[in-house]
Structures are given as C-alpha cells and as structure tokens.
Engineer: 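Take this structure, written in structure tokens, and hold onto it; I'll ask about it next.
As a basis for the values below, the full set of heavy atoms in this structure was taken, side chains included, without hydrogen atoms, waters or symmetry mates.
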Amino acid sequence: MSYNILSQDLLVDNAHLYKHCRWPVLEWSHRFSSILKEFEMYDADILCLQEVQEDHYKKQIKPSLESLGYHCEYKVRTGRKPDGCVIGFKQFKFSLVSCQPVEYFRHGIPLLDRDNVGLVLLLRPALPGGSVPSLCVANTHLLYNPRRGDIKLTQLAMLLAEMGKVARQQDGSYCPIILCGDFNSVPSSPLYSFIREGKLEYDGLPISKISGQEQALRGQRLLSVPIWPKSLGISHHCQYETESEIHPGFSFFSIDEECRNSVSVRENGDKASPPETKVQSCIEHDFQLTSVYSHYLSGQPEITTCHSRTALTVDYIFYSAAKDNFSAGHGKEQA
C-alpha cells in the first residue's frame, strides 16, 4: 500500500484547497481513525506512507502500526518541515537488512535546495528453505511545484542511485524492487515515462511540462545539458559514480548509441585528434519498472489526489517485473 495521508499542519496551511469538505471530516482525530481502519482492512504486508507528521507518527501512528504487527522506519523532511516518509512491514513476513534515508537537499547546489526526502529499505523475506532474494522497497515524496520538473527529475535520479546501490546483488544483478510514493506527476508525463521506459531524452523539454500537472505552460524555460551538475556524483545512468559503486560499463561520459550524444573531432593537418565526448542529453536506468495499475477504470482516469483545484493521478506503486512479463506488459498503461 502507498498512501499520502496528508500532514495535518499542511492541511491547515492550505485550507483553501479543501474548502469543498466539511471541517469535522478534516480534523485529525476523525482522519486518523479512518486511516487506521483502512490499514486494518487492507492488512498490507508493506506500507509506504507520505506526509506523515512527525508528532503524530511518534505518538499515534507508529504505536498503532506496531500493534498491528508492523516494524516502521521513518525519515522526516530536512529543514524545519514537520512531515516525512514511512515504510512499515509485517515483522512475521520480513526482517530488516538495511535502511537508507535519502535527503535531496544539497548545500551549495541551487537545483537541490528543497527539503524532500526518500527512504530505501532492504528486506529479507521470512520464507522457509531455499535461497530467497531480498526485496528492495523505496518510498518518496517528490517536490510539488509543477514548474520545477528539473528538480523532480534530479530528486528521482538520486533515489534511483540509492536503490541501485541497495538492490545490487553479488552477481551484479538487482534483487526485486518495489518503488512507491507521491511523485507529483501524471501518467502522461515525461517523468512517469522515464520511470516506466528507463530512458528520457530531456534536452529542450519545457521544465514546466515534466510532471504534466498543469496544462497551461508557465514560462518557456527548457531543460539543458547537463540536467544536474557533475559535482552531485550521479551519472546519466542514475548511479553513483565512485569506482566501488558505479555499474560496470557505464560512466557519466560514456557513449551510448541510443542517446543523442555529440562527438567532435578536431583536425590538425592530416591528423585527427581524439574525439571529445560531450555530456549525455538523456538519462537512463535499467530497473525495468512497471505499474500495478492501468490508470484507467472503465475508460475513466484513476484519481489519487483530489482537492478544490484539481483531481489527478500522482501516486504510484511500481515493481521490477520479470523480463518476459515486462516486455509483454510494457506500454499498456497508456492505451
């Protein structure tokens, strides 16, 4: 289950978005009781929650989930933000191998001056006999701002890099992966396409169109190469660049025929100098992720968030499909 439960402080600060609701149903006592009933009803093995207010988590949410048999990990947003992300899992189904919080704020990098976070867990299934692979579970809440697709893509790349580090097995392959969260992007957006397709040619895309949250184009700023500074330490393949962590065969300046890459050759008389490789104008990942949902119900779009201004799908559960299943189901969601 993936669920943005709406921080009460954020609800109060943005009350104009919920003016279509009667106040009694917006009060935390009422909402928490209803949310808890949903937890009990669905009885999910794994919970990924966003906008979990820190004081509510410590006093009510964590104790309640523990009473239902969950072990919980929590990452509060950086700065002075009051909420964060939670991953909970049934203790009789899994044991915790590792927990890696991901902070998207980077001092000195203007592109990464926001306080969003992610959380990546490695779980070991409690199954008798045999060798069972671990399970990587990631949860995040990307930036809301519809006009800053550049920030959203960079935050996502940072999360994917951590997922790659956590999920990589000794033979170089990845263990099964579940990626959940509020991505503040619609199914027809370039960001969603990047998650599903594993590749995005971003050079020249309007920044405000990356998430697809708004139809009207605000401004004409375009994405340029590179999308994030090399000092971030993450390659175009959304992996860490250090020797011990980077995926074999890929580097920030590697040549990929499937990506638009400019190579120039200078001539000096009859002698050609070595080619100069320019930065990739696409970003990639190789997790082969698919969605658990079709995003349409009886021909109508699914809705995961609804307030006074809009009703959209922005929340997702992705998983790493087997190659045959991935190829067979690839692209169905946009049909």
Engineer: If you look at every heavy atom in Ser64 and Leu36, which pair is closest and at what distance?
Structural biologist: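 So the minimum-distance heavy-atom pair works out to CB-CD1, 3.8 Å.
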
Engineer: Checking Trp228 side chain against Ile234 main chain: does a donor-acceptor pair fall under 3.5 Å?
Structural biologist: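 Yes, Trp228 side chain to Ile234 backbone: donor-acceptor pair under 3.5 Å.
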
Engineer: What I want to find out is whether Asp150 reaches Arg148 closely enough, with some N-O distance under 4.0 Å, to be called a salt bridge.
Structural biologist: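 Yes, charged N to carboxylate O under 4.0 Å.
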
Engineer: Are the side chains of Val86 and Leu47 in contact, using a 4.5 Å heavy-atom criterion?
Structural biologist: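 No. Closest side-chain heavy atoms not under 4.5 Å.
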
Engineer: Between atom CG of Asp203 and atom OG of Ser224, what is the distance when rounded to the nearest 0.5 Å?
Structural biologist: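 Spacing of CG (Asp203) from OG (Ser224) equals 7.0 Å.
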
Engineer: Parallel, tilted or perpendicular, judged at 30° and 60°: which one describes the rings of Tyr57 and Tyr74?
Structural biologist: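 Ring orientation of Tyr57 relative to Tyr74: parallel.
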
Engineer: Which distance, rounded to the nearest 0.5 Å, do you find between the CG of Leu297 and the CD of Gln300?
Structural biologist: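 Here the interatomic distance stands at 9.0 Å.
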
Engineer: Tell me whether Asn116 contacts the main-chain N or O of His141 through its side chain, where contact means a donor paired with an acceptor under 3.5 Å.
Structural biologist: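 A pair under 3.5 Å: yes.
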
Engineer: Please verify the inter-ring angle class for His71 with Phe89; under 30° counts as parallel, over 60° as perpendicular, anything in between as tilted.
Structural biologist: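 His71 vs Phe89 ring planes: tilted.
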
Engineer: Under the side-chain contact (heavy atoms from CB on, under 4.5 Å) rule, what do His16 and Arg309 come out as? Steps first, then yes or no, please.
Structural biologist: CA-CA 9 Å; His16 61 283; Arg309 289 184 176 177; 3.8 Å; yes

Engineer: Side chains of Val117 and Pro101, heavy atoms from C-beta outward: is any pair under 4.5 Å?
Structural biologist: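 When only atoms from C-beta onward are counted, Pro101 and Val117 do not touch, as no gap falls below 4.5 Å.
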
Engineer: Side-chain contact test, heavy atoms from C-beta onward, threshold under 4.5 Å: evaluate it for Leu122 versus Cys175 and give yes or no.
Structural biologist: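 Yes, side chains in contact.
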
Engineer: Determine, using the 4.5 Å side-chain heavy-atom cutoff (strictly less than), whether Phe92 and Phe94 are members of one ILVMFWY cluster.
Structural biologist: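 Different clusters.
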
Engineer: Check step by step if side chain to side chain donor-acceptor pair (under 3.5 Å) holds for Tyr293 and Thr313.
Structural biologist: CA-CA 11 Å; Tyr293 296 109; Thr313 299; over 6 Å; no

Engineer: Supply the atom-to-atom distance His107 NE2 to Ile109 CD1, rounded to the nearest 0.5 angstrom.
Structural biologist: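 Here the interatomic distance stands at 10.0 Å.
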
Engineer: Between Arg31 and Leu6, is there a donor-acceptor pair closer than 3.5 Å when you use the side chain of the first and the backbone of the second?
Structural biologist: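 At least one qualifying donor-acceptor pair exists.
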
Engineer: When you measure from the side chain of Gln213 to the backbone of Leu312, do you find a donor-acceptor pair of N or O atoms at a distance under 3.5 Å?
Structural biologist: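 The answer is no, because no donor-acceptor pair under 3.5 Å joins these two groups.
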
Engineer: Are Leu153 and Leu191 side-chain neighbours, meaning at least one heavy-atom pair lies under 4.5 Å?
Structural biologist: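 In contact.
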
Engineer: Would you say Asp115's side chain and Arg80's backbone share a donor-acceptor pair under 3.5 angstrom?
Structural biologist: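 Looks like no, no N/O pair under 3.5 Å.
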
Engineer: Restricting to non-hydrogen atoms, name the atom on Gln155 and the atom on Leu143 that form the minimum distance, rounded to 0.1 Å.
Structural biologist: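 Taking every non-hydrogen atom into account, OE1-N, 3.0 Å.
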
Engineer: Among the clusters formed by ILVMFWY side chains lying less than 4.5 Å apart, do Val314 and Ile303 turn up in the same one?
Structural biologist: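 Different clusters.
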
Engineer: Considering the options Tyr319, Phe194, Tyr174, which one meets the ring-ring contact (aromatic ring centres under 6.0 Å, His included) requirement together with Phe287?
Structural biologist: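 The residue from Tyr319, Phe194, Tyr174 that satisfies ring-ring contact (aromatic ring centres under 6.0 Å, His included) with Phe287 turns out to be Tyr174.
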
Engineer: A side-chain contact here means heavy atoms from C-beta on lying under 4.5 Å apart; do Ser185 and Leu142 qualify?
Structural biologist: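 No, too far: nothing below the 4.5 Å cut-off.
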
Engineer: Just how far is it from atom OG of Ser235 to atom NZ of Lys230, taken to the nearest 0.5 Å?
Structural biologist: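 Going from the OG atom of Ser235 to the NZ atom of Lys230 covers 9.0 Å.
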
Engineer: On the 0 to 90° scale, with breaks at 30° and 60°, tag the His56-Trp28 ring pair as parallel, tilted or perpendicular.
Structural biologist: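 Ring orientation, 0 to 90° scale: parallel.
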
Engineer: So, do Cys136 and Ile177 sit near enough that their side-chain heavy atoms are less than 4.5 Å apart?
Structural biologist: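 Contact flag for Cys136/Ile177 side chains = yes.
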
Engineer: Does Asp315 offer a backbone N or O that forms a donor-acceptor pair with the side chain of Thr304 under 3.5 Å?
Structural biologist: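 Confirmed, Thr304 side chain pairs with Asp315 backbone.
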
Engineer: Evaluate the criterion side-chain contact (heavy atoms from CB on, under 4.5 Å) for residue pair Arg77 and Phe105; output intermediate values, then yes/no.
Structural biologist: CA-CA 10 Å; Arg77 284 201 287 165; Phe105 178 87; over 6 Å; no

Engineer: Return yes if some donor-acceptor pair links the side-chain N/O of Ser34 with the main-chain N/O of His30 below 3.5 Å, else return no.
Structural biologist: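 Between the backbone of His30 and the side chain of Ser34 there is a qualifying donor-acceptor contact (under 3.5 Å).
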
Engineer: Treating Tyr202 as the side-chain partner and Ile227 as the backbone partner, does any N or O pair qualify as donor plus acceptor under 3.5 Å?
Structural biologist: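 Judged by distance alone, yes, a pair lies under 3.5 Å.
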
Engineer: Should Val166 and Val97 be regarded as members of a common hydrophobic cluster, given that ILVMFWY residues are connected when their side-chain heavy atoms come within less than 4.5 Å of each other, either directly or indirectly?
Structural biologist: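 Yes: a chain of side-chain contacts under 4.5 Å links Val166 to Val97.
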
Engineer: Determine, stepwise, if the pair Asp286 / Gln239 fulfils side-chain contact (heavy atoms from CB on, under 4.5 Å).
Structural biologist: CA-CA 10 Å; Asp286 34 308; Gln239 295 178 347; 4.1 Å; yes

Engineer: More than 12 foreign heavy atoms under 6.0 Å from CZ of Arg106: is that the case here?
Structural biologist: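 Result for CZ/Arg106: enclosed.
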
Engineer: Verify side chain to side chain donor-acceptor pair (under 3.5 Å) between Asp171 and Ser173, making sure each step is shown before the conclusion.
Structural biologist: CA-CA 6 Å; Asp171 64 359; Ser173 65; 2.6 Å; yes

Engineer: Indicate the atoms forming the closest heavy-atom contact of Thr290 with Ala321, along with that distance.
Structural biologist: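 Thr290 and Ala321 have their closest heavy atoms at CG2-CB, 3.9 Å.
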
Engineer: About how many Å separate OG1 of Thr140 and CG of Leu159, when rounded to the nearest 0.5 Å?
Structural biologist: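 The CG atom of Leu159 sits 5.0 Å away from the OG1 atom of Thr140.
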
Engineer: Does Lys90 make a cation-pi contact with Tyr70 (under 6.0 Å, within 45 degrees of the axis)?
Structural biologist: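 Output yes; distance and angle both within limits.
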
Engineer: Between Glu73 and Leu121, is there a donor-acceptor pair closer than 3.5 Å when you use the side chain of the first and the backbone of the second?
Structural biologist: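 No, Glu73 side chain to Leu121 backbone: no donor-acceptor pair under 3.5 Å.
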
Engineer: So which atom in Cys72 and which in Lys62 form the shortest heavy-atom distance, rounded to 0.1 Å?
Structural biologist: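 Heavy atoms of Cys72 and Lys62 come nearest at CB-CG, 4.5 Å.
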
Engineer: Tell me whether Arg147 is salt-bridged to Glu214, with the criterion being a basic N under 4.0 Å from an acidic carboxylate O.
Structural biologist: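 Judged by the 4.0 Å cut-off on N to carboxylate O distance, Arg147 and Glu214 do not form a salt bridge.
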
Engineer: How close do Tyr104 and Met158 get, counting heavy atoms only, and between which atoms?
Structural biologist: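 Distance-wise, the nearest heavy atoms are CA-CE, 3.8 Å.
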
Engineer: Once you measure the plane-to-plane angle for Tyr192 and Phe318, does it fall in the parallel (<30°), tilted (30-60°) or perpendicular (>60°) bin?
Structural biologist: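 If you compare the ring of Tyr192 with that of Phe318, the planes turn out tilted.
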
Engineer: Could you walk me through whether Glu201 and Cys282 satisfy the side-chain contact (heavy atoms from CB on, under 4.5 Å) test, starting with their C-alpha distance in whole Å, then the side-chain angles of each, then the deciding distance to 0.1 Å, before giving a yes or no?
Structural biologist: CA-CA 4 Å; Glu201 294 275 2; Cys282 78; 3.8 Å; yes

Engineer: Apply salt bridge (Lys or Arg N to Asp or Glu O under 4.0 Å) to the pair Lys81 and Glu54, showing each step before the final yes or no.
Structural biologist: CA-CA 9 Å; Lys81 302 299 189 296; Glu54 188 173 20; over 6 Å; no

Engineer: Search all heavy atoms of Leu119 against all heavy atoms of Cys99 and return the closest pair with its distance.
Structural biologist: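 Minimum heavy-atom contact is CD1-SG, 3.8 Å.
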
Engineer: Rounded to the nearest 0.5 Å, what separation is found between the SG atom of Cys48 and the CG atom of Leu179?
Structural biologist: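 So the SG of Cys48 and the CG of Leu179 are separated by 8.5 Å.
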
Engineer: Tell me whether Glu51 contacts the main-chain N or O of Gln8 through its side chain, where contact means a donor paired with an acceptor under 3.5 Å.
Structural biologist: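 No; zero donor-acceptor contacts below 3.5 Å.
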
Engineer: Please tell me whether Leu26 and Ile35 are part of a single hydrophobic cluster in this structure, the criterion being side-chain heavy atoms less than 4.5 Å apart.
Structural biologist: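 Leu26 does not cluster with Ile35.
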
Engineer: Is any side-chain heavy atom of Ile210 closer than 4.5 Å to a side-chain heavy atom of Leu205?
Structural biologist: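 SC-SC contact between Ile210 and Leu205 confirmed.
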
Engineer: Are side-chain heavy atoms of His307 and Cys21 found at a separation under 4.5 Å?
Structural biologist: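 Heavy-atom side-chain distance check fails, nothing below 4.5 Å.
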
Engineer: Would a single hydrophobic cluster contain both Met1 and Leu289, if residues Ile, Leu, Val, Met, Phe, Trp and Tyr are joined by side-chain heavy-atom contacts under 4.5 Å?
Structural biologist: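 No, Leu289 and Met1 fall in different hydrophobic clusters.
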
